[in-house]
Amino acid sequence: MSTTQKLRKGLLPVKPMRDYFQDVYDVVRQIPAGRVTTYGAIARYLSLRAGARMVGWAMNGSHTQPDIPAHRVVNRLGILSGKHFFGSPTAMQERLEAEGIRVENDQIVDFTSVLWDPASELTV
DNA sequence: AGCTTGACATGAT
DNA sequence: AATCATGCCAAGC
């Protein structure tokens, strides 16, 4: 059970806020290559009251953690909203394409078929 | 010590 | 159907 989930159930007295950043990273790390997920999906899976925006904020710190495939997280429309935060404007797209995901005009082609929803794919 | 601003999402208009 | 408005919470200013 994640730290956030424990907190929600009252199993933890307080939640150091950085911790749900870790939860987010843990989920992101589990995204299979060639699949993507959304900020909202992660937020829902972790029962984050904070919502999707905080997931995005969490990802802001992901560059410190090397093993985070941040390029596999996009917004609910399949748009590469975070590409601006990669080294080059095309880095995110190139990484996705390297995994077999087609990207057209900053948007993932056939988005729904590559979508990986942790709530349904990751057994809870 | 407020006020604005987000790698978002959803409900209301 | 397509905007507009709001919730969420942390940081920057």
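Protein chains get the first letters and strands the later ones, always in sequence-line order, with residue 1 at the start of each.
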Between the protein and nucleotides 1-7 of chain C, list every N/O to N/O distance that falls short of 3.5 Å.
residue : atom : partner : partner atom : Å
C:dG7   : O6   : A:Arg53 : NH1          : 3.0

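Scanning for side chain to side chain contact (heavy atoms under 4.5 Å, CB included) contacts around A:Ser62 gives A:Tyr25, A:Met59, A:Ile68, A:Ala70, with sequence neighbours left out. Every residue was checked against the salt bridge (Lys or Arg N to Asp or Glu O under 4.0 Å) condition with A:Asp110, not counting sequence neighbours, and none meets it. Residues forming a side-chain hydrogen bond (donor to acceptor under 3.5 Å, both in side chains) with A:Arg35 (at least two apart in sequence, or on another chain): A:Glu121.
If you take atom C1' in B:dA7 and the same atom in C:dC4, they sit 22 Å apart, rounded to whole Å. Comparing the P positions of C:dC8 and B:dA1 gives an interatomic distance of 24 Å, to the nearest angstrom.
Here C:dC8 presents its P atom at 13 Å from CG of A:Leu48, a figure rounded to the nearest Å. Taking atom CZ on A:Phe21 and atom P on C:dC9, their separation rounds to 13 Å, with Å as the unit. Going from atom OH of A:Tyr20 over to atom P of C:dC8 covers 13 Å, rounded to whole Å.
Within 4.0 Å of A:Ser62, counting heavy atoms only, lies at least one base atom of the nucleic acid. Heavy atoms of A:Ala70 sit under 4.0 angstrom from at least one base atom.
In this structure, the side chain of A:Arg72 engages the main chain of A:Ile31 through a donor-acceptor pair within 3.5 Å. Although no hydrogens or angles enter the test, the distance criterion places no donor-acceptor pair under 3.5 Å between the side chain of A:Asn105 and the main chain of A:Gln107.
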Kindly list each side-chain donor-acceptor pair under 3.5 angstrom involving residues 82-92 of chain A, sequence neighbours excluded, with atom names and distances?
residue : atom : partner  : partner atom : Å
A:Lys83 : NZ   : A:Asp106 : OD1          : 3.1
A:Lys83 : NZ   : A:Asp106 : OD2          : 3.0
A:Ser88 : OG   : A:Thr90  : N            : 3.3
A:Ser88 : OG   : A:Thr90  : OG1          : 3.3
A:Ser88 : OG   : A:Ala91  : N            : 3.2
A:Thr90 : OG1  : A:Glu94  : OE2          : 3.2

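In this structure, a donor-acceptor pair under 3.5 Å is present between the side chains of A:His71 and A:Glu99.
Comparing A:Arg44 and A:Asn60 against DNA chain B, the residue whose closest nucleotide sits nearer the 5' end is A:Asn60.
Considering only heavy atoms from C-beta on, A:Leu96 comes within 4.5 Å of A:Leu80 through its side chain.
In 5' to 3' order, the nucleotides of DNA chain B bounding all contacts with chain A (an atom under 4.0 Å from a heavy atom) are B:dG6 to B:dT10.
Between atom OG1 of residue A:Thr37 and atom CD of residue A:Gln30 there is a gap of 11.5 Å, rounded to the nearest 0.5 Å.
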